[in-house]
Every structure is written in C-alpha cells, then in structure tokens.
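As structure tokens, the structure follows; a few thoughts come after it.
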Amino acid sequence: MSPVQRSPRNLRLRHAVRLALPGALALVFAGSYGATPPAAAPVAAPPVAAAPVAAPGVRNPAHLAADGMAPPGPSVRNPYHGNTKIAKAGAALFTSMNCDGCHGGDGSGWVGPSLADGRWRYGGSDAAVFRSIFYGRPKGMPAFGGVLGARGVWVLVTYLKSLPAPPDVPTESWRRR
Amino acid sequence: MRAAAALAILSLAVGAQRILAAAAPAAPPAGAGGEWRMPAGDDAATRFSRLQQIDAANAPHLRPLWTFSTGVLGGHEGQPLVVDDTMYVVTPWPNVLYAFDLTRPGYPLKWKYRPDVNADAIGESCCDAVNRGAVFADGKIIYNLLDGHTVAVDAATGRRIWKTKIADVADGETTTMAPFVVRDRVLVGASGGEFGIYGWLKALDLHTGRIVWTAHNLGPDAGMLVRPGIFHPPYVSGTELGARSWAHGTWKHGGAPVWGWISYDPKLDLIYYGTGNAGPYDADERAGDDRWTSSVLARRPEDGALVWAYQFTPHDSWDYDATGAMILADLTIAGRRVDALVHFDKNGFAYTLDRATGRVLVAKPFAHVTWATSIDLADGRPVVDPAMQTGVAEGNVKGICPSLEGGVSPSSPAAYSPRTHLFYTSTNNLCMDYAASRVSYLKGTPYIGVTSPYMAGPGGNLGAFIAWNGATGRIAWKDPERYPSWSGALATAGNVVFYGTLDGWFKAVDATSGKLLYRFKVGSGVVGNPIAYRGPDGRQYVAVYAGIGGDWALLAGDTRSDDPTDVRAPADFIKDIASRTSQGGIVWIFGL
C-alpha cells in the first residue's frame, strides 16, 4: 500500500462515516460547541494531501505513516483543552470510530496500547497525541486525519486527556498461594 | 473479485491431473518420516511422526540439546520445518526466515532471509502479529508475510524466487496461516474475521506465484466457485446459499477468514479447510445462517470448485471460528471402516465426518459446553439453548461455554496416532459473558461489537490436554492444566505425545495413559507445535518454539518488558500468568 493508494481509501472512509455515523459526527461537529472552533483557538488547517514524494533514502514510502502530509508545525494547540463537553463527545467518537476495537473499552488497552494509564509511547502532550492520531504511528496505528479532520482529532485528544491516569505502580508482586 | 483463470487452461490441467491420478502410486504411509516438510507433517494433517527411537521407556532421559533466540517477542505459533538436514524457522512479524545447518556443531545459520514487511499490518492483526509456518515444495520454502504477501524462497540459497500480493492490508486482511501445497498449487487464505473481510482461499502457481483461482467462502455462487452438478452439501440444497443465508447483503463484510490449516485426500482429490467467525460479533445485524462461516469446505485443488460444505455453527453468535485442523483418518465406527475427517471446533464439539460427503457421523463435546445441548445427526444442526443466543437485543448473556477463545484454539492443532487410534489435543476450560453492541463497518478498522469477559469453567483449572476417541466421541484420558492449553500436539510411533503449556513447560506424555514422562521449563509459554525429525546422525529429535502470545487475552498480565508503555489491565481469569512466564521467542531442540 502506497500513500498514493491511501488517499482514495480515506475518501471512501469519509463517505462511510457520513453514511454510517451521522449521529456521532453531528454530535461532534454540530453539537454543543458549534460547527467551528472558538476563534481564539486557531487550529491547524487539515493539510492537503499533496502528491506524496518519498524522501531520499526511504526505500519503502508505505512505511511512512504520515501519508505524505505536511506536519502542522510547532504551534499545534488543542482548542478544546479541558472542555468536558467535548471530552464526552470524544468518548462517543472513540467507540463509533472503532478505536476501542484495538485500544479496548475506555482506552484501557488491548492489541493497541492503553491510552488511559498515563504512559505514552510517542509522547503524552496534546500535540503529540494529536500527531499520533492524525498521522498514525508505525506498528499499526492508522492515520485518521483524513477521515476526522483536525477538529475531529482534537475531540478525541480532549477525551483521552480527560481520562484520569491511575497512580503509576512500577512494581508487580505475586504472593505465594 | 481478483484473478480469473482461463477456462481452457483449467480444463487442460484437470485432464492432465486425471491422467496423473490414474497412474498414481499407492498412498504413502500416514505421518512424517525423517523430515518434516509441511506444517502438519503430512497431507492428512495428523502431526504423527513414524520415528520411534524416543519411547515411553527412555523419554524420561530426554534433555534440551540446543536453543536459539529468534529476537522476536510476538507469539511463536506454528512449527519449524526440517528438509534435507536443514531446519527452517519463520518468526512472527517481521517474518524473518532462518535456515540452520543441522550437519555442523551448534547448527550455524546457512542463511537468513529478512523481507520488507509493512508494519501497518500489525495494526490490522486481531490477535498478535503471528505466523503459523512455512511449507517446503519443489526446492522452495513458501510462507506468508503478515502484510498480505506470499513468498517463495530458494531452500538452498535463501534467494527469493517469487513474491505475490494476495491480500490487502487496507481492507483488514492479514496473512498468518501456513500455505499448503498440492501438486503445483499453493493454497493460501487471509485473517480478518475481526475486520469484516470477504473471506477467501486462493491458489497460486507453485513455479511463478501467479494467482490461479480465488474462491470466496461466502456470498454469491459465482464468487464461491459453486458449479452446478459439482456442489453437494450434505444437509441443504439450492442455489446462492452463501448469499441468501445473510440478511440484506451482510455477507459483503461477513468475515469467514482462512487462517488455520489445510489437509488433502489424494484418493478423493479434495482439500479441506475451515472458515472463521461471522462478522460482526453482534449477530442481530446479520440474521440467517450466514453460510459458510464457521464451516468446513471441501474443494478440488485444480480449479477450486466447491464439492461440499458443512456448517458447524450456523448463525455464529459466539465467535466460534472453525479454522482448526481437519484431520483425515481411517476409523472403524460401529464395525464399519470410514474415511473420516475429525475436527475439534471452538464451539466445544469434536466432529467425525464422512470426508467424501460431509455428513456428520459422531459429534460430542470435548470441553464444557452450554450454548447447545447436542448436534442433531439427522440435519447436522446444533440444538442451541435459546437462552444462550446473543445479540444486542438479548443484552448481556451470561454463562456461555466455551468462551470465544474456544474449547480449543484453532492455532493449537491436534495430532492423530494410527498406533493408538486416538487424537490428542490441547483444550481450554473457559466460559464467558457476552454483551453485543452495535458497530459500524469502517474499512480497515475492527468490526467487532462485543464485551465478553472470561471466567474458569467447572473444576477451576483453565485447560487440559486430552486424548480423544473419534469413533466413539469419548475422552480416553485427560491431563488437567493450570492455564489454558494453547500448544499444538505431536504424536509419535514411539507412543510418546508431546505438547507445551502456557506457563512454559514442554511435556512428553505416554500416548496410551497420559502419564507424564518428562518436562522442561523452556523460558516462555508454548503456543507453537512440536515436530520430530531424524538428524544427520540418524537420531530422533523433537523441536518446538517457546514464545507466549497469539491472543492478547494470554498476555493480559502485562508481560511485555521491551515497551514501558505496554501496560494492560490484568485479566481476572488468568491474572497470575505473568508470575510464571514472559514473552520471547526461542527455538528448542530435545533429544536423548
């Protein structure tokens, strides 16, 4: 699978989302917070899928999870940070996008890593989590930016960051039975 | 959907095959000899070795002779091959192929083949990035890469001969099964029962890798290679059975993946394979029998034509894949000699079928079963307990046995000994609650829709290794295990049976009594399948992988040490497994 082939996939996905998930998306995009993000919180525009060009020295461009899209830059900021209503919408989106199929119910972890334990493979800042969802990550995390757009991804980020991380207990012990 | 073969070439090939069949010599004896050239050792999938140097008297003197770390932590399902004094080992993703020289001390590598396998495939794998092994044919080692490719590698040099894209990772298809070869056909299928795939089996040309035919396991007759006058299912009749048994076209994302084992009867010239679960797990979304999910299909290898099919679990509502091995054995049932096919299903019943017709001769539970009371031999259907029917409308259905891990995992194939006339298999003693939920199909994402916690079945032990009489449908003996038993079995002419446990014991037991003869702690839980072979020194050896994984429920105790972010909630039913084992792939060789 090359990035060139992936763009139509995303288009089909977007179509499928419109057909299958009007409720969930309406909740996210036209719900309690309106169709546009607050003006005070600029959001990186969803990057346009430019014709992807493999970087020099990259033998298999399909291994790049970023889909050939330009990174949003260092100014990435979550417009909904701390917004509990958005977090609730994100919980619904987490299920309807089948995120729980890999990351488990409530993001508690399954084949995909837990998103609720406070440990982050690719960084736990809002921006880092945004990048993981928007562009995907190696070892199997698909890029959802093309399906959800930047706002949809921020809704998910807001939900995940609202999950209370349990205390980190690095010791496991087993008593003799 | 994909490649269509030219009819003229097909009919030529079929003609040639008839001539070959007429001149064919007598069938070889059952089981494997000094080598282990295919996943189950022989065409009949018996996993029986004719070697008898290791026997019940000397098995207590077995000892480990050699080990090798594969460097990979994923679940090490499958088994090595031994061909002409070389051992071949395929790892889980990234699917490295090792060739060990068994003629030299320490078994150094002859070569190592490191393919470029797309890591996206890991995220499209339901249950760990496993690989179930390779097959040897025509001087080639042939196996599947996780990212939807089949490769043929020169067995002598390690150079790639051909590589064919057979599956699309973007559709949720991954390729975990071991290919199977009949004459010049390489048979391959794809996993993806949790991603709503449109399941299929393909045949590739052994010499070029070209796709010769594609046969779907569900949907319209044309795609299933159902041809008038050839397809005779034992209990149903009519056309378009694979499409009409689904509500409003739901077969399109209905699953029926092929990720288990294939067997072949040269006399009938039929291949047999099982299909996986129906998708999604919420059965209310696909009213009907959902053929041919959770079924066994018999096809002609030459052109793929479907000859018969039998569905173990109609309208699968419990994730009861039927991808476990279809073992071909000649049994005597009530005084009558039968060309039989024996299958241990996830649904907890073991089936003995007439392999010419697909009719059920014997069907009895080998594990604790609550979802059905029996199999009706008149119509071949399970007598389902209505209280165990699942679906969104049914709410949280409690106390279903077996769990969706199965009475046995299909990745833990059984063995058959023509000496004892017994079958040997791992089993699980797990039950579950099942709360289905609505789910939307999104290409390439999980299409599941269930919350299903597990608990131990009666007795408290989570598994057992059993010997089974396929003629009577009774357990001959049973060795309880603390954890679900997840390895394949090996039977040998020395009357010793081998298997491994999830907490990392490799065991040799007496084939007649089940008595433990030898055990050794192999460093990680065993989910692979033991094999036997004759070394260059003429002595018998037994090889097996250690390396727990393969289903994430098994790893629920946070056993992964190479990734500090991999913190999963421990599963209540098996929470102390991490105190006894940890991930890591190791090849072991035992001998006297």
Side-chain angles (χ1 to χ4, degrees), chain A residues 1-2 5-6 8-10 12-13 15-17 19-21 23-24 59-60 62-63 65 95-106 108-122 124 136-144 147 166 168-170 172-177, chain B residues 93 116-129 146-148 165 168-172 174 194-196 280-281 435 437-451 551-553 555-560 563-571 575-580:
Chain A
M1 179 173 68
S2 74
Q5 289 166 306
R6 216 186 215 182
R9 174 197 172 192
N10 285 345
R12 277 199 296 278
L13 251 176
H15 187 58
V17 169
L19 288 177
L21 304 166
R59 289 190 48 223
N60 189 342
H63 290 197
T95 302
S96 60
M97 289 305 295
N98 299 339
C99 309
D100 54 350
C102 288
H103 292 286
D106 303 325
S108 59
W110 187 237
V111 276
S114 170
L115 306 171
D117 62 7
R119 295 194 182 193
W120 297 93
R121 191 179 282 178
Y122 302 105
R137 293 288 186 184
K139 300 210 172 184
M141 172 68 189
F144 283 93
V147 191
D168 191 42
V169 182
E172 283 182 273
S173 64
W174 293 272
R175 290 221 177 79
R176 212 170 151 181
R177 298 174 165 225
Chain B
W93 184 93
D116 185 15
V117 189
N118 190 343
D120 287 355
I122 299 170
E124 303 292 329
S125 304
C126 73
C127 316
D128 200 0
L146 188 66
D147 67 355
K165 182 182 173 184
D168 195 339
V169 170
D171 281 341
T174 52
E194 283 65 43
F195 290 80
Y281 285 27
S437 50
R438 289 267 168 216
V439 63
S440 302
Y441 177 79
L442 290 175
K443 185 178 154 79
T445 68
Y447 188 49
I448 302 178
V450 73
T451 302
D551 193 295
W552 288 84
L555 304 174
D558 180 23
T559 56
R560 189 157 190 140
D563 179 356
T565 67
D566 183 36
V567 181
R568 268 171 269 119
K575 62 176 104 180
D576 64 348
I577 185 79
S579 71
R580 289 157 199 275

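Residue numbering restarts at 1 for every chain, and letters A, B, ... go by the order of the sequence lines. Fair warning: this is a prediction, and the values are worked out from it, not measured in the lab.
Chain B forms more heavy-atom pairs under 4.5 Å with one residue of A:Gly104, A:Gly140, A:Gly118 than with any other, namely A:Gly140.
Side chain of A:Asn98 to backbone of B:Ser440: a donor-acceptor contact under 3.5 angstrom is found.
With rounding to the nearest 0.5 Å, the separation of CZ in A:Arg121 from CG in B:Asp563 is 4.0 Å. Rounded to the nearest 0.5 angstrom, B:Ile448 CD1 and A:Cys102 SG are separated by 7.5 Å. Here the straight-line distance linking atom CG of A:Asp117 with atom OG1 of B:Thr565 works out to 7.5 Å at 0.5 Å rounding.
Contact check for A:Phe144 versus B:Leu442: no side-chain heavy atoms found under the 4.5 Å cut-off.
Nearest heavy-atom pair, A:Pro142 versus B:Glu124, reported as atom, atom and distance to 0.1 Å: CG-OE2, 4.4 Å.
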